[in-house]
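The block underneath contains the structure these notes are about, expressed in structure tokens.
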Amino acid sequence: MDREALLERLKEPFDLLVLGGGATGVGVLWEATLRGLKAALVEARDFASGTSSRSTKLLHGGVRYLELAFKRLDRRQFKLVVDALHERKVVMDLAPHLARPLTLVTPLFRPLEIPYYWTGLKLYDLLAGKRRLAPSRYLPPEEVARLFPDLPKTLGGVAYQDGQFADFRLNLALVLSALERGAVALNHAEATALLLEGGRVRGAVVRDGLSGKEVEVRAKAVVNATGPLADRVRRLLDPHLPPLLTASSGVHLVLDYPLEAGLLVPKTRDGRVLFLLPYRGMALLGTTDLPAEPASCPLPREEEVAYLLEEIRPYLGDVSGRVRAVWSGLRPLVGKGETKLLVRDHYIEERRGLYTLVGGKWTTFRLMALDLVERLAKDLGLALPPSKSHATPLLGAGPRPELPLPEETAQRLWETYGTLAPEVLALGDRPLLPGLPYLEGEVVWAVRRELARKPLDVLARRMGLAFLDQEKTREALPKVVELMAGLLGWDERERALRLKEAEEGLPGLC
């Protein structure tokens with residue numbers, strides 16, 4: 001992938017310029033490209049470097065949102081659940097190497113919980129309609145004890161299915177799929193100002209964060225898809241605009257605690273649900289929901305880490321010594337009020353040619369993009385073909401190829417690159433670290449084919465190791481810097497700079 005050529009192409013006129021390379025932005029880029037629009041995207045840091053790589057990794061309708069819909073008689077919550085249950089299966093069909101069904105269990109401790117959760121999860125199945133996964137079912141106490149031996153004695157559990165996915169890889173697959181079809185997408189390139197013609201937004205000034213070059217990108221419309229930072233971009237147009245968003249912090253922990261199935265703790269002391277999910281041989285625990293200030297690189301707060309460890313203690317005991325990774329993400333919630341009650345729906349605001357798309361959730365990213373592109377087509381008088389994003393497989397989709405590797409490494413390679421795994425393997429089969437299923441060839445692939453330009457681009461948002469074990473990531477950094485230096489022509493000074501930058505950025509995965 002020739003990054004300089006992509007930077008040069010930003011000088012061409014576009015139908016659409018997207019600011020922000022997370023789920024919202026790349027979804028718009030993909031939808032617009034499929035519909036025949038000439039589209040470009042720029043991201044100030046790396047693709048999915050913010051909220052979109054820091055999710056609970058679930059494709060789900062939202063059991064908690066369904067409960068809120070009935071308790072508060074909220075039709076918006078109900079519609080969100082129905083839409084997300086439909087899209088859950090769509091995403092799994094478009095990228096089967098990145099998304100798959102996951103069984104979760106809600107443990108039952110009191111007799112009245114049995115009909116309550118059984119009925120709720122059966123309704124969850126019903127709302128999914130033809131796109132339902134495996135039906136929910138009752139598990140006897142001995143089966144729950146087998147799956148979760150540290151749980152207190154239960155009355156059994158209700159098992160149901162949702163989807164689990166690799167968020168950062170799905171984000172990247174959307175970028176790469178759009179690039180293959182002629183779009184332009186550039187990471188480490190920040191929009192520093194909006195271009196105005198006749199009082200309307202007609203592009204942006206983009207500064208390349210690696211070379212320092214600036215380019216004026218012209219477009220008929222600009223989409224602000226910068227998530228929690230969307231209000232900052234809006235204020236490039238008018239510094240006095242009131243905020244659209246309330247940011248909410250969500251922290252996750254990765255524990256050295258292997259699981260066969262996920263555990264849903266249905267009620268915490270602040271009325272949330274808690275997930276404990278199988279995650280690449282470990283367990284993912286999350287999440288929190290506290291008000292936060294918008295930031296490009298949020299750090300996990302000690303009180304949120306302590307909250308998660310305390311809430312899981314009655315179920316697993318003390319697991320504080322098993323934490324291998326911690327990260328924090330910010331939800332861009334539309335509106336004001338208690339964050340846990342705000343609907344995870346999306347909203348489009350248009351101001352003089354600047355379209356701000358905010359809110360939503362990963363599972364419904366495609367519907368958000370579809371709404372935005374349809375709105376643009378109407379406003380700009382464009383006749384676009386029907387959307388095919390629901391039926392167009394992403395790059396790498398297909399059956400698992402045969403790989404001459406140990407099973408753990410072969411499976412991880414397919415779950416990361418799909419049908420492209422043999423091409424990745426051909427670039428180098430030596431382990432990046434002894435005993436781990438990560439290969440040196442993946443670093444080469446990330447630089448040559450996936451626009452990775454910094455060590456954490458590779459270790460976090462291409463390979464995923466930084467989301468799994470941050471101490472192992474620190475051990476791998478020198479080798480990754482060495483390999484990248486050879487590929488990108490870094491001298492000793494640049495090597496030292498990039499290593500130091502990555503070591504300092506690791507706590508926030510930035």
Electrostatic pair [X]-[Y], nearest N-O below 4.0 angstrom:
X	Y	value
Arg280	Glu415	no
Asp345	Arg76	no
Asp457	Arg498	no

Test item: side-chain donor near acceptor, Tyr417 and Glu423, under 3.5 Å: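 On atom types as modelled, these side chains do not qualify, holding no pair under 3.5 Å.
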Verdict with supporting geometry, Ser296 and Leu229, side chain to side chain contact (heavy atoms under 4.5 Å, CB included): CA-CA 7 Å; Ser296 57; Leu229 303 181; 4.0 Å; yes
Criterion salt bridge (Lys or Arg N to Asp or Glu O under 4.0 Å) on Arg366 and Glu87, from CA distance to verdict: CA-CA 8 Å; Arg366 196 189 66 84; Glu87 290 298 301; 2.9 Å; yes
With Phe14 via ring pair (Phe, Tyr, Trp, His ring centres under 6.0 Å) - residues at least two apart: none
Plane angle bin for Phe467 and Phe168 - parallel if under 30°, tilted between 30 and 60°, otherwise perpendicular: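 Answer is parallel, since the angle falls under 30°.
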Closest contact, heavy atoms only, Asn224 versus Thr226: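 Of all heavy-atom pairs spanning Asn224 and Thr226, the closest is OD1-OG1, 2.7 Å.
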Closest approach of Trp414 to Pro401 (non-hydrogen atoms, all atoms of both residues): CD1-CD, 3.4 Å
Straight-line distance of Phe275 CZ to Gln164 CD, nearest 0.5 Å: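 Phe275 CZ to Gln164 CD: 11.0 Å, rounded to 0.5 Å.
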CG on Leu172 to CZ on Arg449, rounded to 0.5 Å: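 It is 11.5 Å, given to the nearest 0.5 Å.
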Residues Glu442, Arg412; criterion side chain to side chain contact (heavy atoms under 4.5 Å, CB included); working and verdict: CA-CA 12 Å; Glu442 295 181 71; Arg412 196 202 68 80; 2.3 Å; yes
